[in-house]
Every structure is written in structure tokens, then in C-alpha cells.
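The next block holds one structure in the form of C-alpha cells; read it before the comments.
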Amino acid sequence: KNQVEQSPQSLIILEGKNCTLQCNYTVSPFSNLRWYKQDTGRGPVSLTIMTFSENTKSNGRYTATLDADTKQSSLHITASQLSDSASYICVVSDRGSTLGRLYFGRGTQLTVWP
Amino acid sequence: EADIYQTPRYLVIGTGKKITLECSQTMGHDKMYWYQQDPGMELHLIHYSYGVNSTEKGDLSSESTVSRIRTEHFPLTLESARPSHTSQYLCASSEVTSGGELFFGEGSRLTVL
């Protein structure tokens with residue numbers, strides 16, 4: 001069964017600190033992996049999209065890594081800010097059909113304290 | 001910033017009422033989707049459309065229905081709401097099926113009493 005597992009489920013850090021969120025997946029075949037940020041009560045916003053050949057991708061203070069061999073990805077947040085408090089969702093797409101099905105993780109709830 | 005809009009943002013109604021959640025996008029995207037999301041859970045696809053007059057059911061069974069009469073508009077309707085329909089409903093659109101970026105609306109939080 002294709003799945004996307006994220007860890008930790010929740011995380012609390014102090015403002016200015018760095019953190020790393022994990023995503024493990026079993027989706028096959030693999031097309032791309034996405035990280036989204038979802039503020040409470042809002043829709044998800046895309047942070048990065050990574051294909052099979054990409055190992056790392058940055059978007060400001062956000063850096064995503066992908067190891068397609070071990071089927072693991074991480075999202076590293078540098079110098080956290082209060083506005084980083086949100087749920088971070090890992091999404092994996094397969095290429096097994098024209099639908100290009102998306103598999104969603106349950107997200108990691110990050111809270112940044114002042 | 002994504003040009004995809006959902007109304008209402010919040011809706012509280014009684015059991016048995018008919019409701020329509022509106023979703024519109026101004027990006028000219030052919031592909032549109034409805035997802036359902038409960039707290040702490042992953043998003044579940046309930047409906048999708050690849051263009052005008054094209055609608056399909058998603059992975060999660062839903063009593064709601066959708067229509068796609070215009071490219072920019074993808075409304076979701078519940079004929080008779082029940083408390084089990086209480087959830088967050090997210091509309092999204094994209095250009096390419098699997099490789100394209102998915103743009104989400106702000107969501108509609110439905111509470112059925």
C-alpha cells in the first residue's frame with residue numbers, strides 16, 4: 001500500500017533555532033515529492049517540488065532534501081520565525097496512471113515560541 | 001499568490017439543509033480538485049475534474065456532488081447535510097496532472113449541527 005509517513009507529529013522550538021522534519025514514503029513508481037506549508041485555517045501553500053533527479057532544493061530559509069533510493073525526504077528550516085508556526089505536509093506523486101495520484105502525509109505541526 | 005477563491009470560508013447549518021461550496025480560479029487551469037481534511041489527518045480527494053463537463057469521484061467516498069460548466073468554476077453541493085459532513089473542504093487547481101504545482105484555496109469550514 002502506498003503511504004507517506006511524517007515525523008515528528010508535532011514539534012516545538014524556540015524562535016531562531018533550526019529544525020528538520022522527516023518524510024518517509026513507499027509510493028511507487030515515484031514522480032515527485034512536494035512540501036506544503038499550511039497555516040491554521042488556511043489552504044496549503046507549496047514550498048518545494050522535487051523530482052527523482054533532484055537531491056536538494058531551497059526556498060529561502062526552507063531546504064528540502066530527497067533520497068530516492070531510501071525513499072526519504074527532509075525539510076530543514078533555518079533560523080525559525082514565529083510565522084513558521086504551521087503544519088508542514090509532505091505529498092508524493094506517482095506516475096503509474098494518467099491521474100498522477102497524490103499521496104498526502106498527515107503533516108508535522110510546528111510551533112515556534114518567542 | 002494563487003488566484004483561487006472559496007466561499008463561504010465558514011458555514012454553520014442545521015441537519016437536512018442543502019449547501020453549495022463555491023470555488024473559482026482565474027488562472028485558466030483545466031484541472032480542479034476538491035479535498036476533505038479533518039484535524040490532524042491527511043487530505044482526501046473527493047472529486048476532480050479535467051475540464052468542462054468532466055467530473056470524477058476521488059478516493060474518498062462522498063455524498064457530495066460537483067459540476068464543471070465553466071473552466072473557472074467548480075462548485076460542490078450537499079443536498080442534505082448531516083453532522084458527519086462536518087469538515088474542512090479545500091479546492092485546488094493545477095495545469096499538469098502529476099507534475100504541476102497544486103494551488104489551493106483558503107478552504108471552507110463546514111459545521112453541521
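Proteins come first, then strands; the chains are lettered A, B, ... in the order of their sequence lines, and each starts at number 1.
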(request) Report the residue from B:K31, B:E56, B:R68 that forms a side chain to side chain donor-acceptor pair (under 3.5 Å) with B:S49. (result)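 The residue from B:K31, B:E56, B:R68 that satisfies side chain to side chain donor-acceptor pair (under 3.5 Å) with B:S49 turns out to be B:R68.
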
(message) Which label fits B:F104 and B:Y35: parallel for a plane angle under 30°, tilted from 30 to 60°, or perpendicular past 60°?
(response)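 If you compare the ring of B:F104 with that of B:Y35, the planes turn out tilted.
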
So for [X], is it side chain, backbone, both, or neither that comes closer than 4.5 Å to the heavy atoms of chain A?
X      : value
B:E106 : both
B:L90  : side chain
B:Q37  : side chain

(request) Go through B:E63 and B:H85 one step at a time and tell me if the side-chain hydrogen bond (donor to acceptor under 3.5 Å, both in side chains) criterion holds. (result) CA-CA 9 Å; B:E63 293 167 347; B:H85 296 138; 2.7 Å; yes

(message) To check you understand the geometry: which heavy-atom pair defines the closest contact between A:K71 and A:S28, and what is its length?
(response)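 Nearest pair, atom of A:K71 first, then A:S28: NZ-CB, 3.9 Å.
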
(request) Please name the pair of heavy atoms, one in B:D30 and one in B:T71, separated by the smallest distance, quoted to 0.1 Å. (result)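 Nearest heavy atoms, B:D30 then B:T71: OD1-CG2, 4.4 Å.
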
(request) Go through the atoms of A:Q38 and report whether side chain, backbone, both or neither lie under 4.5 Å from a heavy atom of chain B. (result)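 It is the side chain, since no backbone atom gets that close.
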
(request) Check whether any side-chain N or O of B:R9 sits under 3.5 Å from a backbone N or O of B:G107 as a donor-acceptor pair, and report yes or no. (result)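 Indeed, once roles are kept as given, a pair shorter than 3.5 Å links the two residues.
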
(request) Under 4.5 Å, counting heavy-atom pairs only, tell me which of A:P44, A:G43, A:S46, A:S10 racks up the most with chain B. (result)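 Of A:P44, A:G43, A:S46, A:S10, A:P44 has the most heavy-atom pairs under 4.5 Å with chain B.
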
(request) Using heavy atoms and a sub-4.5 Å threshold, report which of residues 12-25 of chain A line up against chain B, by residue number. (result)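 No residue falls under the 4.5 Å cut-off.
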
(message) Going by the rule ring pair (Phe, Tyr, Trp, His ring centres under 6.0 Å), which residues pair with B:H29 if we only count those two or more places apart in sequence or in a different chain?
(response)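 Partners of B:H29 by the ring pair (Phe, Tyr, Trp, His ring centres under 6.0 Å) criterion, ordered by chain and then number, come out as B:F103.
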
(request) Measure the CZ-CH2 distance between B:F74 and B:W34 for me, rounded to the nearest 0.5 Å. (result)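 So the CZ of B:F74 and the CH2 of B:W34 are separated by 8.0 Å.
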
